[in-house]
Each structure stands twice: as C-alpha cells, then as structure tokens.
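Step one of this worksheet: look at the structure below.
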There are 2 protein chains.
Amino acid sequence: MRLSRAAAYGIYATTHIAEKAKDSPIPGQDIAATCSIPPGHLLKVLQQLVKSRILSSERGPSGGFALRKPANKITMLEIIESIEGPIDGEIGGFDDITSKNRAKGVSKKVCDDVAKSARNILAKTTVSDLAG
Amino acid sequence: MRLSRAAAYGIYATTHIAEKAKDSPIPGQDIAATCSIPPGHLLKVLQQLVKSRILSSERGPSGGFALRKPANKITMLEIIESIEGPIDGEIGGFDDITSKNRAKGVSKKVCDDVAKSARNILAKTTVSDLAG
DNA sequence: GGCGATTTACTCGGATAAGCATTGTCCGAGTCAGAAGGG
DNA sequence: CCCTTCTGACTCGGACAATGCTTATCCGAGTAAATCGCC
C-alpha cells in the first residue's frame, strides 16, 4: 500500500480540522502551516474533498474549511478514494478481458480481491481514530 | 490494487514459459511476440526476474529463459515484488515517524495492514494457477 | 577424410531517450467587515 | 446619530509549470554452432 503524497495531505488536513474545529472554519493557510504542507498544493487537495462532500468551504474573512459530517463517520477510504480515485483492481496497459489469455483473467481477479480487502481495511479507520 | 505494466509483463511471460516449457529455454522474442509485449522492454523485465533467481537465462543460439523452480512454487507475490520492489506500507513524502503527529503513525499502521493483507492474497496464487 | 581456427547468426545485458502522472506554484473570483460620507 | 456606500483585506477557486517515475528503445557483450581451410 503506497499512499500518494496528496492523499496523505488530505488525511492530515482532515484530522487537523477535526481536532481544532471549535465553531468557525479553519483557513487553509493555518492547516498548511501546522502540518508543513505547501499551501497552494493543499488547497488543490482540499477542493477535491469539498467536491466529494466531505468538507465544506466558505470564502471571505473568517472563512475556511470545515467537516460536513461527524469525525467518526469519515473513513480513510472516503478520503483516499476522493483524491486518488476509486480503488479497484486494474492491470496496467490494456483491458481487453476478451483476450484468450487465461493468465490475464486470473490476475485481474486476484487484483480485485486485493482491492476489496484494502477497501475493507481502510473503511474501518475513521478520522476520530486518527485524531485520538 | 494497481498492477504496473511491467509487473503484468513479468506475470504473463513467466506463465508463458511455464506453459510452453518442454525442454529448451524460450527466447525472449518468442515470448514478446506471443504476449504482444515490446521486445526490448520485456528483456529488461525478465532480467529483473533472473536477478531474483526466479528465472534462469542462457545466451547464444538455442538460448532463452527458463524457470528455476517448479511452476507451483512460484507465486505472484515473488514476481511482483521482484519487479515493483517490496510491498510494504509507505506514506508519500517523508518518513519522520518521530513526528508528534498521531495521524501519521496511525496511517502508517493501517497502510502496513493493507500491505500485509495484499501479500497474503498474492502469495496464494502460483504460476500453475495462472496457466491452469 | 579429419581436425581446428574462424566466421556467423543468434541470444542476453546494460546504458540511453520519450511519455505521463504526480507534485508544486501562480494569479484571478468571490465575500465579509469595517470605515467614510451623507442624510 | 443612523443608514448607505465604498473600499480593502482576506478567503477559496481553477488554470499553469516543474519534477520524478514508469515505459520504451537502442546498441554492445557473450555464446554455440556451422563453415571453411589446412593437415
């Protein structure tokens, strides 16, 4: 399991929001400074989470980002899939499953199994667990 | 589970060798033609498998590649790790586990769990299963 | 005719470019608060 | 003194480069067999 840097940023940021959320939204710059993340890039990641309805954003002074759901209802799976795309079994190159190549079909099935297992594990950890 | 193209090439090639292995080694060009793989690139992948002691290579006329072990003793895990490197839980960016950031530690542990699960699944499928 | 050096064709092997995804950065659009001016 | 308007600063939002890894390709090193010449 190799987690992309962007996905890691998303996880840390969401956790930080959950920890610090008192009432007002958290500005992106605050998150970037605390978690040592390049501010511009962090915004790009957070926007993805906003599109996926995990975070809400507000502009203007005293604006920022906030959670849309309780922290214990947000799973690592949601965050990762929102940023990296869906986790499914895919084989590099070509998808002509019609190929008579038996090895390709079996490999695809095994990859699907791995993906399913990964999703199960990732769905068990919530932002509450990350924040502690 | 996203399988890199190179790893897929390695799996198909190894399976092809296991199927066609009568007595003499199989030339790389034969494998490339049968599996529709760019010949030059396939060689690079096969060399990796030779270094990992999964295949043996012989040069000169009537040379080629052959299995070093029985087909039912070669697992997908071996092939993939030989080409893509070890499957472990790693988080993009920095590895300063010493960070007081709790989220990072928990994330690392979850990634390790996912990696371990993936290894278990991949170790259950052998080249014999792929060839049928 | 038999033996040996040479050539030849065939293989793998490693070093070298091209393509693409991830990562990182920039400037513009939107929004609220506060200050200034007029009624 | 209060209301309206304007200005300003602060925020997110999406479009634009730089970097690294995956993928692909090329030419050189090595080997065994077949050939040709010589004994």
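Just so we're on the same page: letters track the sequence lines, and every chain starts at 1. This structure is a prediction, so every number in the text was calculated from the model and none was measured.
- In this structure, CG in L55(B) is found 6.5 Å from CG in L46(B), a value given to the nearest 0.5 Å.
- The OG atom of S107(B) sits 10.0 Å away from atom CE of M1(A), with the distance rounded to the nearest 0.5 Å.
- L130(A) has its side chain out of reach of T14(A): every pair of non-hydrogen atoms, C-beta onward, lies at least 4.5 Å apart.
- Residues from residues 51-59 of chain B placing a heavy atom under 4.0 Å of any atom in DNA chain C, listed by number, are S57(B), E58(B), R59(B).
- Considering CD1 of I31(B) and CD1 of I17(B), their distance stands at 4.0 Å, rounded to 0.5 Å.
- Look at Y9(B) and you won't find any side-chain N or O under 4.0 angstrom from OP1 or OP2 of dT23(D).
- Rounded to a whole Å, the CD atom of Q29(B) is 9 Å from the C1' atom of dC10(C).
- Note that OG1 of T75(A) and CZ of R119(A) are 9.5 Å apart. Values are rounded to the nearest 0.5 Å.
- DNA chain C is contacted by no residue of residues 73-85 of chain B, taking any non-hydrogen atom closer than 4.0 Å.
- Between I37(A) atom CD1 and dT25(C) atom P the separation is 13 Å, expressed in whole Å.
- Between I11(B) and I80(B) the shortest side-chain heavy-atom distance falls below 4.5 Å.
- When rounded to the nearest whole Å, the span between NZ of K44(B) and P of dC21(D) equals 13 Å.
- By the 4.5 Å heavy-atom criterion applied to side chains, E19(B) and R102(A) are not counted as neighbours.
- The CG-P distance, from L3(A) to dA21(C), rounds to 20 Å in whole Å.
- The P61(B) side chain lies nearest to dA32(D) when the options are dT11(D), dA24(D), dA32(D).
- Using a 4.0 Å cut-off, some side-chain N or O of Q47(B) falls inside it from OP1 or OP2 of dG14(C).
- The separation between R5(B) atom CZ and dC21(D) atom C1' is 13 Å, rounded to whole Å.
- Between the CD1 atom of I31(A) and the C1' atom of dT11(D) there is a distance of 12 Å, given to the nearest Å.
- In this structure, I121(B) CD1 and M76(B) CE are separated by 10.5 Å, a value rounded to the nearest 0.5 Å.
- Comparing S4(A) and S62(A) by the nucleotide of DNA chain C that holds the closest heavy atom to each, the one mapping nearer the 5' end is S4(A).
- For the pair H41(A) NE2 and dC27(C) P, the computed distance is 19 Å after rounding to whole Å.
- Applying the side-chain contact (heavy atoms from CB on, under 4.5 Å) test between F65(B) and each of V50(B), I54(B), I26(B), D30(B) identifies V50(B) as the sole match.
- Atom CZ in R2(A) sits about 15 Å away from atom P in dA21(C), given to the nearest Å.
- Among dG13(C), dG13(D), dT23(C), the nucleotide with an atom closest to any side-chain atom of L43(A) is dG13(D).
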